[in-house]
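Structure, as structure tokens:
All ligand and atom numbering here is 1-based and tracks the order in the structure.
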Amino acid sequence: MTTKYFFAVFHLLGLAIGLAAVYARWRALRNAKEQGDIADVLHADSWYGLAALIWIGTGLLRAFGGMEKGTDHYLGNHWFLGKMGLFLIVLCLEIKPMGTFMAWRAARGKKTPIDLSKTGTLATLTILQLPLLVLMVFMAAAMARGL
Ligand code: HEM
């Protein structure tokens, strides 16, 4: 019971961290005009990465680790499948930003300048994820209440 409780708490904390981080990354990208501004983008991105780890780690164990209603229940639940479908879209939108920020981190390590010409596209790819994450919360609550 205690483990189940803490996994539920961390899953929700992932939500709080993730929504704040995705917004902060979007804002930092929009304000990134010079090399010194990159730190804010990468800082927000690190928090978003942490949220993703928490979501996936706790979520998969809750769904398929026998913690809640069991694998069969979730695989046959349209809200769960819808929620996972949205998460898949979020992951697809995240491919380019994730690759870019990895390259930026490597460039910063080597002290080479970072190309800031794509910040607009990266900001768009970031903010598009926000409504999808909010929609996932609607689906999660419906799923949890057996609607
Ligand atoms: C691999 C990713 C994920 C998996 C496998 C997963 C799985 C789950 C499971 C099994 C539950 C428990 C539902 C129940 O009580 O029957 C849950 C609850 C919840 N999930 Fe996720 N989740 C994932 C990602 C996310 C993300 C990205 C968000 C937010 C954007 C999210 C938001 C929520 C919320 C808000 C609840 C609580 C619902 C409630 O009790 O009202 N989950 N999730």
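- Atom numbering of ligand 1 starts at 1 in the shown order; those under 4.0 Å from a heavy atom of Ala141 are 41 (O).
- Membership of the apolar cluster around Met67 extends to Phe7, Leu61, as traced through chained side-chain contacts below 4.5 Å between ILVMFWY residues.
- At a heavy-atom distance under 4.0 Å, no atom of Phe64 approaches ligand 1.
- If you look at atom 21 (Fe) of ligand 1, the protein N, O or S atoms less than 2.8 Å from it are His11 NE2, Lys83 NZ.
- Looking at heavy atoms from C-beta onward, Leu42 lies in side-chain contact with Arg108 at the 4.5 angstrom threshold.
- Members clustered with Ile54: Tyr5, Phe6, Val9, Phe10, Leu13, Ile17, Trp47, Leu50, by chain and number, using a 4.5 Å side-chain heavy-atom cutoff among hydrophobic residues.
- Arg105 and Ser46 are linked by a side-chain donor-acceptor pair at a separation below 3.5 angstrom, with hydrogens and angles left out of the test.
- You'll find the side chain of Tyr48 reaches within 4.5 Å of the side chain of Gln129, heavy atoms only.
- Of the listed options Arg145, Met84, Lys69, Gln129, Lys69 places a heavy atom closest to atom 15 (O) of ligand 1.
- The closest protein non-hydrogen atom to atom 1 (C) of ligand 1 is Phe87 CE2, 3.8 Å.
- Under the rule for a side-chain contact (heavy atoms from CB on, under 4.5 Å), the partners of Ala107 that lie at least two apart in sequence or sit in another chain are Thr112, Ile114.
- For Leu81 against Leu75, the heavy-atom pair with the smallest separation is CD1-O, 3.5 Å.
- The closest non-hydrogen atom to atom 13 (C) of ligand 1, taken over Met143, His73, Glu68, comes from Met143.
- Here the side chains of Leu86 and Met139 are in contact, with some heavy-atom distance below 4.5 Å.
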